[in-house]
**Q** 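To start, I am sharing the structure in question, which I have written as structure tokens.
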Amino acid sequence: MTYRFHIQGQALVLIDWANVFNWLRGGGSEIDPKQLYDYLRTYPNIDRICLFAGEDDHPKSKEFLEECRKIGYEVISKKVKYIPTLVEKSPFWDALKEHVPEKKLSKLRNQPVLRRKCDFDVELSKELLLNLEKYHTYILFSGDGDYATVIEEIMKREKRVFIVSAPRALGKEIREMQHNKVHPLFVDIVQLKDVIKRRGGGGKKRQQQEKKGLFSRLFSGILGKR
């Protein structure tokens, strides 16, 4: 049975897409932005649905943002930064260890790569704070613990806050708040998967393609020479 939010008064939805898009990928699915939007629009009390996403020079990045605007999202975007780091300290090191022999790994450890970075902590927190008095319910699609302080400020005003996340992506600060008498309401993204996931196995196939492309770029040294 699909989860239904118990919304009080007017509601604001904020989606940190970088923290959201791969929550269902482990099961061979991915979140479909249109299905998510259509689901949220079944709630008459939801006033705004904001999506925060980075933009880079790749055509697919621009296409995605334009698609989201056409769907109906209020899109907040900014340019992606590329931060120099070492392969061993990059987010895809665990995947490399799983698929690359140790002998080759030892040669890759100190190879330079560029890590994609585009945080929206400030922009999303600003949107929450600017609307403290306007809404009574806030639905945040992100488990990032950096939002804990702002969430506490909202709840001091006796407002309702929903945190939608995958359990593994729920930050320590958010977890600790669950022990308080007054706390945000946690919604596991799996409870919504029947109405917001992209079907047909596309997620698993795309994952394999991305992994193959990643390894190809690493071995050719492209990421280190951007």
Side-chain angles (χ1 to χ4, degrees), residues 3-27 30-31 33 36 39-40 43 46-54 73-78 80-83 85 88-95 115-193 196:
Y3 180 86
R4 294 293 296 177
F5 295 99
H6 296 288
I7 295 175
Q8 296 177 346
Q10 290 291 95
L12 171 66
V13 178
L14 302 176
I15 302 168
D16 190 345
W17 186 252
N19 289 327
V20 170
F21 79 99
N22 65 351
W23 280 345
L24 295 178
R25 284 191 167 190
E30 59 185 36
I31 295 174
L36 174 57
Y39 167 72
L40 292 171
Y43 295 88
I46 289 181
D47 180 41
R48 294 170 60 205
I49 305 174
C50 302
L51 184 141
F52 298 77
Y73 286 105
E74 183 176 332
V75 175
I76 296 93
S77 66
K78 65 181 181 182
V80 171
K81 295 180 181 178
Y82 287 88
I83 311 299
T85 187
E88 190 175 13
K89 297 181 180 179
S90 68
F92 38 77
W93 180 246
D94 287 341
R115 180 171 64 90
R116 195 175 188 273
K117 184 177 176 62
C118 192
D119 295 332
F120 281 93
D121 297 0
V122 173
E123 289 82 359
L124 197 147
S125 296
K126 176 184 175 183
E127 198 65 43
L128 286 170
L129 292 170
L130 286 175
N131 289 282
L132 273 178
E133 307 304 329
K134 185 173 181 179
Y135 298 101
H136 191 79
T137 298
Y138 301 81
I139 302 174
L140 176 59
F141 279 75
S142 174
D144 195 330
D146 290 339
Y147 300 128
T149 302
V150 182
I151 291 169
E152 287 177 350
E153 195 62 37
I154 293 172
M155 292 191 301
K156 285 179 184 178
R157 290 163 167 76
E158 299 182 351
K159 307 291 182 85
R160 175 167 288 198
V161 179
F162 290 92
I163 301 292
V164 184
S165 176
R168 68 180 184 279
L170 201 61
K172 176 185 175 184
E173 298 85 350
I174 303 295
R175 291 181 186 278
E176 291 175 348
M177 293 175 73
Q178 303 304 306
H179 301 298
N180 300 335
K181 185 177 181 180
V182 178
H183 58 80
L185 302 169
F186 173 65
V187 180
D188 188 337
I189 190 64
V190 172
Q191 294 177 272
L192 302 177
K193 71 176 183 178
I196 66 171

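For this chain, numbers begin at 1 and follow the sequence in order.
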**Q** Measure the shortest side-chain to side-chain distance between F52 and L14 over non-hydrogen atoms and say whether it is less than 4.5 angstrom.
**A**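 Yes, their side chains come closer than 4.5 Å.
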**Q** Given the rule in the side chain to side chain contact (heavy atoms under 4.5 Å, CB included) test, do K134 and Q10 qualify, once you have shown the distances and angles that lead to the verdict?
**A** CA-CA 8 Å; K134 185 173 181 179; Q10 290 291 95; over 6 Å; no
**Q** Drop me the distance from E127's CD to E74's CD, to the nearest 0.5 angstrom.
**A**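 Reported value, rounded in 0.5 Å steps: 6.0 Å.
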**Q** Check whether any side-chain heavy atom of I46 sits under 4.5 Å from a side-chain heavy atom of F5, and report yes or no.
**A**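 Sidechains of F5 and I46: no contact.
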**Q** Enter the distance from Y39:OH to R4:CZ here, rounded to the nearest 0.5 Å.
**A**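 Answer rounded to 0.5 Å: 5.0 Å.
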**Q** List the atom of S165, the atom of G143, and the distance in Å for their closest heavy-atom pair.
**A**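 Heavy atoms only, the tightest pair is OG-CA, 3.6 Å.
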**Q** Go through it in stages, so that I can follow the logic: the residues are L124 and L140, the test is side chain to side chain contact (heavy atoms under 4.5 Å, CB included), and I'd like the CA-CA distance, side-chain angles, deciding distance and then a yes or no.
**A** CA-CA 9 Å; L124 197 147; L140 176 59; 3.5 Å; yes
**Q** Rounded to the nearest 0.5 Å, what separation is found between the CG atom of D144 and the CD atom of E173?
**A**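 Answer rounded to 0.5 Å: 8.0 Å.
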**Q** Looking at every heavy atom in both L36 and I196, which two are closest together, and how far apart are they?
**A**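 Smallest heavy-atom distance, with atoms named: CA-CG2, 3.6 Å.
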**Q** Considering only heavy atoms from C-beta outward, does the side chain of P33 approach that of W17 to under 4.5 Å?
**A**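 They are in side-chain contact.
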**Q** Run the side chain to side chain contact (heavy atoms under 4.5 Å, CB included) test on Y73 and I15 for me, step by step, so that the C-alpha distance in whole Å, both residues' side-chain angles and the decisive distance to 0.1 Å come before the verdict.
**A** CA-CA 10 Å; Y73 286 105; I15 302 168; 3.7 Å; yes
**Q** With a 4.5 Å heavy-atom cut-off, do D16 and Y147 have their side chains touching?
**A**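 They are in contact (side-chain heavy atoms under 4.5 Å apart), so the answer is yes.
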**Q** Determine whether K172 and E176 make a side-chain contact, defined as any pair of heavy atoms from C-beta on separated by less than 4.5 Å.
**A**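 In short, these two side chains touch, coming nearer than 4.5 Å.
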**Q** Would you find a donor on one side and an acceptor on the other, under 3.5 Å apart, between the side chain of R175 and the backbone of G145?
**A**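 No.
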**Q** Specify the closest pair of heavy atoms between N19 and S142, including all atoms of both residues, with the distance to one decimal.
**A**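 Heavy atoms of N19 and S142 come nearest at ND2-OG, 3.1 Å.
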**Q** When you measure from the side chain of R160 to the backbone of I7, do you find a donor-acceptor pair of N or O atoms at a distance under 3.5 Å?
**A**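 Absent.
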**Q** Pair up each side-chain donor or acceptor in residues 179-192 with any protein partner under 3.5 Å, not counting sequence neighbours, and list the distances.
**A**
residue : atom : partner : partner atom : Å
D188    : OD1  : V190    : N            : 3.0
Q191    : OE1  : D188    : N            : 3.2

**Q** Would you compute the distance between atom CD1 of I154 and atom NE2 of H136 and round it to the nearest 0.5 angstrom?
**A**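 With rounding to 0.5 Å, CD1 (I154) is 11.5 Å from NE2 (H136).
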**Q** Contact between T137 and F162 at the side-chain level, heavy atoms closer than 4.5 Å - yes or no?
**A**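 SC-SC contact between T137 and F162 confirmed.
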**Q** Are E153 and K156 ion-paired here, with the side-chain N under 4.0 Å from a carboxylate O?
**A**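 Yes, charged N to carboxylate O under 4.0 Å.
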**Q** Write down the atom of M177, the atom of E152, and the distance for their closest heavy-atom approach.
**A**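 Reported closest heavy-atom pair: CE-CG, 3.6 Å.
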**Q** Applying side chain to side chain contact (heavy atoms under 4.5 Å, CB included), run through I151 and I174 and close with a yes or a no.
**A** CA-CA 9 Å; I151 291 169; I174 303 295; 3.8 Å; yes
**Q** Is there a donor-acceptor pair under 3.5 Å between the side chain of K159 and the backbone N or O of Y138?
**A**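 Side chain of K159 to backbone of Y138, a donor-acceptor pair under 3.5 Å: no, none is there.
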**Q** Between L12 and D47, is there a side-chain heavy-atom distance shorter than 4.5 Å?
**A**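 No - every pair of side-chain heavy atoms lies 4.5 Å or more apart.
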